[in-house]
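Single-structure report; data block below.
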Amino acid sequence: MGESPVRSGKPRGNLPPLELYVPEPKYRPGDKVDYSHLEIPEAGKLARPDEACEASETWPLTTDMIRVLGDDDKAVGPWNPNLDPESLRRMLRNMALTRAFDDRMYRGQRQGKTSFYMKCTGEEAISVACALALAGDDMVFPSYRQQGILISRGYPLVDMINQIYSNRADRLKGRQLPIMYSARDYGFFTISGNLATQFPQAVGWAMASAIKGDTRIATSFIGEGSSAEGDFHAAMTFAAVYNAPVVLNVVNNQWAISSFSGFAGAERTTFAARAAGYGIAGLRVDGNDALAVYAAMEWAANRARANMGPTLIEHFTYRAEGHSTSDDPSAYRSAHEREEWPLGDPIMRLRNYLIAIGEWSEEQHADMDRELAEDVKAATKEAEKNGILGHGLHHPFHTMFEDVFEELPWHLEEQAEQAIRERQTKWPEWKE
Ligand SMILES: Cc1ncc(C[n+]2csc(CCOP(=O)(O)OP(=O)(O)O)c2C)c(N)n1
C-alpha cells in the first residue's frame, strides 16, 4: 500500500508553518493616537462622472474619498451640490435637532425612563443629508443609527419618545426594543435587531418597485461591521443581477461595538471597493461632510431612478460615543481617537461653512441650539404623560397576543387566558 496523502501533522520539508493573521486595533485605552496613516484627500479634488456612466468609471472613487467642505470652510469642486442657504440651514437644523434629541434620550436612559438608547453622535450628516437628497417617499431600510432620517422627514418627536418609553401611546405597543422604530407612512421600514437583514429587504423592495413600474427607489444603511454578514453579499448579488433601483450604504464608523473595522476587512481594502467585485457603481465619501454625503446620495439616487442601477456608498466617519447605553468604550479604545479624528465634527463643519458664506452666525447657532433643546424637552414632557419605564402606563397586557394572527390559534388563546389569570393572582395591583 502507498503512503497516505494525509500527513501526520508534521511540517513538510523546510516549508514555514502556516500562520493566521488576527487583526489588532492600532490604539487601546490610554494610547496616544496618530492618524497620519489615513489618506485624507483635499476637498474638491475628485471628478464627478456622469450619473449614467459605466460602473467601472466609478472605481477610482471607491478607494479615494469625495470631499466638498475643505479645512478652510469653503465648499469646492464638482461634487459641490450648490444648495441654497435655506436648504443648508435646514440641513444644519436637522443635524442639531438629532444631536439634541440623542442627548436628552441618553440622559433619560440614565434616569431610568427607558431601558436602552443608541446615539449617532458624529454621524448626523449621513442620515440627515441622505434624507434631504432622497425623495420624501423613497423607501428607507435603516439600521438603528439613522434616527436623523425620521427626524428630517418630520416624524413627531413625541411618537419617537413614546416608542423609546414603550408607553401606552407607543405606536408599536411596546413590542420593539426602544429606538427600533417603524413608520410605514414615513417610508421608514421597521428596524431589525438582526444585523444586515435590511440590505436584502431593501433590494427586494426595489425590485418590486421596478416590477410594478413605480418610480420610488429604496435605500438601506448598515454598519461596516455588519457588512461581514452573508446578507450583505446576497443583497449585492441580487442588486447587481437585476440592476435594482437601490442605494446601499455602509456607514464605516470604525467600530462594531468593541470590534474595530479590521475585523470586517478594512485593513485589506475600502468597503466601497467591494462594489467592483459585483460590477456595480461605488462611491467613498467623507461622512462628516454633509455636502459630500448629500452629493453622493443625490448622484446614486438619480442613477437608480434613471434605471442605471444600484450604487454602494461607503460613508467614512467615526462613532464618537459608545455603541449604546449598554456599552463603555473606554474599556477597549483610546479616548484620544475622538479628539484626533481628522474629519472633524459634521455639525461644526457645516456651521462654519454657513458662517463663512455670511448666511449664519455664532449667535444664531447658539439661539438655535437653545430652541431645539427646549423643543425636545417639551416633547419629552408630553410623552411622559403617556408613561415611562416601570410606571405601569403601557399597552394593556393582552395586546401582546394580538395583531399576528387574524384568529388567535387555540393554544395561544389558552396561553392568553392563563397569563391573565396569573397576572390577576400574582400582581393584583397591576393596572391595565
Ligand atoms: C446578526 C447579529 N449579530 C450580532 C448582533 C449583535 N450586535 C448588535 S450591534 C453590533 C455591532 C454592529 O456594528 P456595525 O455594523 O459596525 O454598526 P454600528 O453599531 O457601528 O453602527 C453587534 C455585533 C446582532 N444584533 N445581530
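Indexing begins at 1, ligand by ligand and atom by atom, following the structure's order. If you're wondering where the values come from, they're calculated on a predicted model, not measured in any experiment. Numbers here simply count residues along the sequence, with the first being 1.
- Between Arg175 and Glu402 there is no salt bridge, since no side-chain nitrogen of the basic residue lies less than 4.0 Å from a carboxylate oxygen of the acidic one.
- Closest to atom 15 (O) of ligand 1 among all protein heavy atoms lies Ser226 OG, 2.5 Å.
- Closest protein heavy atom to atom 16 (O) of ligand 1: Gly225 N, 2.9 Å.
- Ranking protein heavy atoms by distance to atom 6 (C) of ligand 1, first place goes to Leu195 CD1, 4.3 Å.
- Shown are Phe271, Phe238, Phe221, Phe199; of these, the ring-ring contact (aromatic ring centres under 6.0 Å, His included) with Phe232 is made only by Phe199.
- Note: Phe263 and Phe260 have perpendicular aromatic rings, judged against thresholds of 30 and 60 degrees for the angle between ring planes.
- Remark: Arg284 is positioned above the aromatic ring of Phe316, its terminal NZ or CZ atom under 6.0 angstrom from the ring centre and at most 45 degrees off the axis.
- The only member of Tyr27, Trp255, Tyr318 that meets ring-ring contact (aromatic ring centres under 6.0 Å, His included) when paired with Trp341 is Tyr318.
- The shell of residues lying under 4.0 angstrom from ligand 1, judged by heavy atoms, includes Gly193.
- Ligand 1 lies less than 4.0 angstrom from a heavy atom belonging to Glu229.
- Between Lys119 and Asp102, no side-chain nitrogen of the basic residue sits less than 4.0 Å from a carboxylate oxygen of the acidic one, so the salt-bridge criterion is not met.
- Inclusion of Glu123 in the set of residues having an N or O under 3.5 Å from an N or O of ligand 1 is not warranted.
- Listed by atom number, the atoms of ligand 1 under 4.0 Å from Asn253 heavy atoms are 18 (P), 20 (O), 21 (O).
- When non-hydrogen atoms are compared, ligand 1 lies under 4.0 Å from the backbone of Trp255 (N, CA, C, O) but not from its side chain.
- With a 4.0 Å heavy-atom cut-off, ligand 1 is reached by no atom of Arg319.
- Contact between Ile257 and ligand 1 is present, with at least one heavy atom of the residue lying under 4.0 Å from the ligand.
- Among all non-hydrogen protein atoms, the one lying nearest atom 19 (O) of ligand 1 is Tyr144 OH, 2.6 Å.
- If you look at Arg145 next to ligand 1, the close heavy atoms, those under 4.0 Å, all belong to the side chain.
- No side-chain N or O of Thr317 forms a donor-acceptor pair with one of Asn253 less than 3.5 Å apart.
- Aromatic ring centres of Phe141 and Phe189 lie closer together than 6.0 Å.
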